[in-house]
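Notes to accompany the following structure.
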Amino acid sequence: MESRDTDWDGVRLHVVTGKGGTGKTTVAAALALALAAGGRKVLLVEVEGRQGIAQIFDLPPLPYEERKIAVAPSGGDVYALSVDPEEAMLDYLEMFYGMRRAGRALTKMGVVDFATTVAPGFRDVLVTGKTTEAVRRRGKNGKRVYDAVVLDAPPTGRITRFLNVTQEVAGLARVGPIKNHSDLVSGVVKSPETAVHFVTLLEEMPVQETLDGIAELREAGLPAGGVFINMVRESQLPRTALDKAVKGGFDVTELALGLKAAGLADGADADAVAEALAGEVVEYAHRAVLEHEEREALSEAALPRYELPLLADGVDLAGLYELAESIRTQGAA
Amino acid sequence: MKDAKRSAARPVPLDIDAIIDDPGTRIIVCCGAGGVGKTTTAAALGLRAAERGRCAVVLTVDPARRLAQSMGLTELDNTPRLVSRHEGGGQLYAMMLDMKRTFDEIIEAHADPERARQILSNPFYQSLSSSFSGTQEYMAMEKLGQLRRSDEWDLIVVDTPPSRSALDFLDAPERLGRFLDGRFIRLLTAPAKAGGRSAFKLLNAGFGLVAGAMTKLLGAQVLKDLQTFVSALDAVFGGFRQRAELTYKLLQAPGTAFVVVAAPERDAMREASYFVERLAEERMPLAGLVVNRVHDAPANGLSAARSAAAAEDLESRGEHELTAAVLRLHTGRMQLVAREHREQEHFVSAHPTVPVVQVRAMSEDVHDLAGLRQIGELLASA
Ligand SMILES: Nc1ncnc2c1ncn2[C@@H]1O[C@H](COP(=O)(O)OP(=O)(O)OP(=O)(O)O)[C@@H](O)[C@H]1O
Ligand SMILES: Nc1ncnc2c1ncn2[C@@H]1O[C@H](COP(=O)(O)OP(=O)(O)OP(=O)(O)O)[C@@H](O)[C@H]1O
Ligand SMILES: [Mg+2]
Ligand SMILES: [Mg+2]
C-alpha cells in the first residue's frame, strides 16, 4: 500500500451529499475508486434502495451484503453494500438481543415499515448504524477492515437530519437501546474521522442549497468536507475573448478569417457563419460569467474545492475511472 | 416513405394558449422529475393566464429564493398573495406551501380540540408531519383541494414537490392511506375500538411478543407515545381518506390539465414517459409535454464532424487559435443538440399523440416576472 498525502488523511467515513441529480452517486463511486487506488480496501454504501451503484457499475442489483464490485487503478478493491433498513433492523435485533424471531414477527406485522415511516429518524439510525459499524469494524489482526467507507447519502435537504441521529431520535426515545445505539453512531459521525462532501453544479439553486447545507451542518456540529463541482464544461476560449464577447466586442472578423483558412466557408458565407458562431460564443460567455459568480459564492464556504469535468458521452465505467483519476490528481484522495 | 417516417416522429404541437384561455380549464398540474423546471413552468403559466384575463393562483412548493422574492413570496404563510393585476381583469396570486401547517389544519378540522391538542404535541405526529416521505405531495393535493373548493380563483396552477419520481405525486395519497390502513396501526387502534384492553389479547396473541420486543428496543415511553398518537389519529382517519379520495377525483375531472415537464435528458424523458402512461391508466387528462431547457445551435449548418475536423486542422497548423477554440465549442454544442434530439425522439415515437412544446434554455436562471413572461411566450409558441 503506497502512502500519499491527501486533503482527507485520517478520514475514514466520506459522506457524499448534494442536491438531487447533481451527481452524488457518480461522485461517491468515483471517490471510492480513487480512495482504493494503490492497494486499499474501500466500502461504497448506498442507503436509499435505488440500486444506483449497481447501475453505474453495470451490475445486477446488489444484495444486502458486502461484496467486491470493482478493482481500483494499480490494485485496491471497492466493495459495495446496499443497506436495507428492514434488514438492518433484523441485524440489530440479532446482534444485540439475539432476537431474530421476534424481529421477523415485527416485520410481518408491518412494525418496521410503520416505525420507519412515522419516524424516519429510526430508519436513519438503522442505516447510519450499519455504515458506522463498517467504519469501526476490525479484523482478526486488530486492524480496521476497511481503509475507508464512502456513503452515497440522501440529498442536501435531508443530510443534517440524517446524520444528526441523536437529535432526531432524542424526541422519540430518551432512554433505551435505540438511544444508546444512536449515541454510538453519533460518536463516529461527529468525529474527525468523518467528512461530509457536497456535490454541486455551477448553477444558482444547487449552489444555494450547498451553502445552506454547509451552514446547517456546521450548526449541528457535523464535519463539513469538500465541495465537488461536477459537470464542469471546459473550453479553450481565452478569458479575454470571453470578456469581449460579453461586452459585445467579440472579434468576428478574425473568426471569419479562421473559417476561411480552415476551408469551411468563403466570402459572405464565411461572415454569416462567423456571425452565427459568434452568437454561440456570446451565449457561452454569459453562462461563463454566471458560473464564475457561482464559483465565487462557493468560495465563501471556505472548504477545499474540486472540479470534475462534464463527460460528453455520459458516465460509463471508463468515465468513472476518469473522474477517479481527476479526484486523485486534485488531492481529494 | 422516408418522409412519412420523418413526419411520424414530429410531435403534435401543444397549444398552451388554447388551454389557459378555455374557461373550462380550472386546474393545471405541472409535474415531472426533479429539477426540470416544474416551478418555473407553473409560475410562467400562471402569469400568462393572468395576462390573458384569468384570475389565477399559483401554488408553488419550493421556488428558488430569488423567484419567490420577485413574486413577493417572502414568507410561508400558507395563503395566496396578490402578485399582479392585469388588463381585462386578470390577476395573479401566488402562495408557497407550508406542509406542516397544512397538516395541522387538517387535524384541527377533523378532531375535537382536546384530541387535536394531543395529536399536535405528540412527538410521532411532529416527526410524521415534517418528514414523512409523501407528506409534501399529500399536502400539496390537500391545499389544491382547499383552493378549488374556495372557488375564489378561476384557474389554479399547481407546482409539484421536488422528488425523484414524478409518480410520487400521484402515489402519495395512496401511500398515506396504505400506511393508515396498515396491520400494525389497526392492531394499535383495536383496543380503543373494542373498548377495552382485553381486545389486545383477543386480537392477536403475538402482540405480547411484539410489544415486548418493541419495549426492549425503544423503551416503554416510546410505545406509549406511539399508542396515544395512533389512537388519537384514529379519530381523523376517516376524514383523511375521504379528502384524499375527493382530491383524486378532482384530478380526473375534465377541468384539469396535466402538463408534464421534462428536460431533454434520458432520465427526465423516461420519467415523463412513465408519467404519461400512468395518467392514461388513471384516466387523468394530459394536456401535453413541455421539454424545458432545450439547446439549439445558431450555426447549425456546420456539422459537428466538419467543425471538429477543421478545428483539428487549424490546431495542427498552429493557426487561428481563436477560431479553433470556437469550432471546438461549436462541436460540443452540436453534439449536445443531437443528444437532446435523440432523447426527445424516443419519447415522441413511444407517445406519438402527446402534444409537445419546447422551451429553449435561457443563459440565465429565471428569477423575475420578465423572465417568467419570456418562458410563457415560449410555452405558447409551439
Ligand atoms: N461529470 C459528469 N459528466 C456527465 N454526466 C454526469 C456527470 N456526473 C453525473 N452525470 C450524470 O448525471 C446524472 C445524475 O447523476 P447521479 O445519478 O450520480 O446523481 P445523483 O445526485 O446521485 O442523483 P439522485 O439525486 O437522483 O440520487 C446521471 O445520468 C449521471 O450519469
Ligand atoms: N428554460 C430555462 N432556461 C434556463 N433556466 C431555467 C429554465 N427553466 C428553469 N430554469 C432554472 O432551472 C432551475 C430549476 O428550475 P425549477 O425550480 O423550476 O425546477 P423544478 O422542477 O421545480 O425543481 P425541483 O424538482 O427542485 O422543485 C431554476 O434555477 C430555474 O431558474
Ligand atoms: Mg443518486
Ligand atoms: Mg420546484
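The sequence lines fix the lettering, A, B, ..., with proteins before strands; numbering per chain opens at 1.
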> Tell me, do B/His320 and A/Leu259 make a side-chain contact under 4.5 Å, heavy atoms counted?
Replying inline: no
>> Among B/Ala309, B/Ala64, B/Gly35, B/Ala324, which residue has the highest count of heavy-atom pairs closer than 4.5 Å to chain A?
In response: B/Ala64
Which answer fits [X], side chain, backbone, both or neither, if we ask what part of it has an atom under 4.5 Å from a heavy atom of chain A?
| X | result |
| --- | --- |
| B/Leu336 | neither |
| B/Glu364 | both |
| B/Glu315 | side chain |
| B/Arg266 | neither |
| B/Arg306 | both |

What part of [X] lies closer than 4.5 angstrom to a heavy atom of chain B: side chain, backbone, both or neither?
| X | answer |
| --- | --- |
| A/Arg50 | side chain |
| A/Pro155 | side chain |
| A/Gln208 | side chain |
| A/Leu237 | both |
| A/Glu291 | neither |

From [X] atom [atom1] to [Y] atom [atom2], the distance as rounded to the nearest 0.5 Å:
| X | Y | atom1 | atom2 | answer |
| --- | --- | --- | --- | --- |
| B/Glu271 | B/Cys31 | CD | SG | 10.5 Å |
| B/Leu97 | B/Glu137 | CG | CD | 10.0 Å |
| A/Glu216 | A/Leu211 | CD | CG | 12.5 Å |

>> Can you tell me which of A/Gln236, A/Glu203, A/Glu280 forms the most heavy-atom pairs within a distance under 4.5 Å of chain B?
In response: A/Glu280
> Relative to chain B, which of A/Ala312, A/Gly21, A/Gly279 shows the most heavy atom pairs under 4.5 Å?
Replying inline: A/Ala312
> Do NZ/NE/NH1/NH2 and the carboxylate oxygens of B/Arg293 and B/Glu265 come within less than 4.0 Å?
Replying inline: no
>> Ring centres under 6.0 Å, that's the criterion: do B/Tyr138 and B/Phe103 meet it?
In response: no
Under 3.5 Å donor-acceptor pairs involving side-chain atoms of residues 260-277 of chain A, not counting sequence neighbours:
none

>> Under the salt bridge (charged side-chain N to carboxylate O under 4.0 Å, His left out) test against A/Lys130, which residue among A/Asp124, A/Asp84, A/Asp91 passes?
In response: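 Only one of A/Asp124, A/Asp84, A/Asp91 forms a salt bridge (charged side-chain N to carboxylate O under 4.0 Å, His left out) with A/Lys130, namely A/Asp91.
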> Name the one of B/Arg360, B/His341, B/Glu340 that satisfies side chain to side chain donor-acceptor pair (under 3.5 Å) with B/His295?
Replying inline: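 Option passing the side chain to side chain donor-acceptor pair (under 3.5 Å) with B/His295: B/Glu340.
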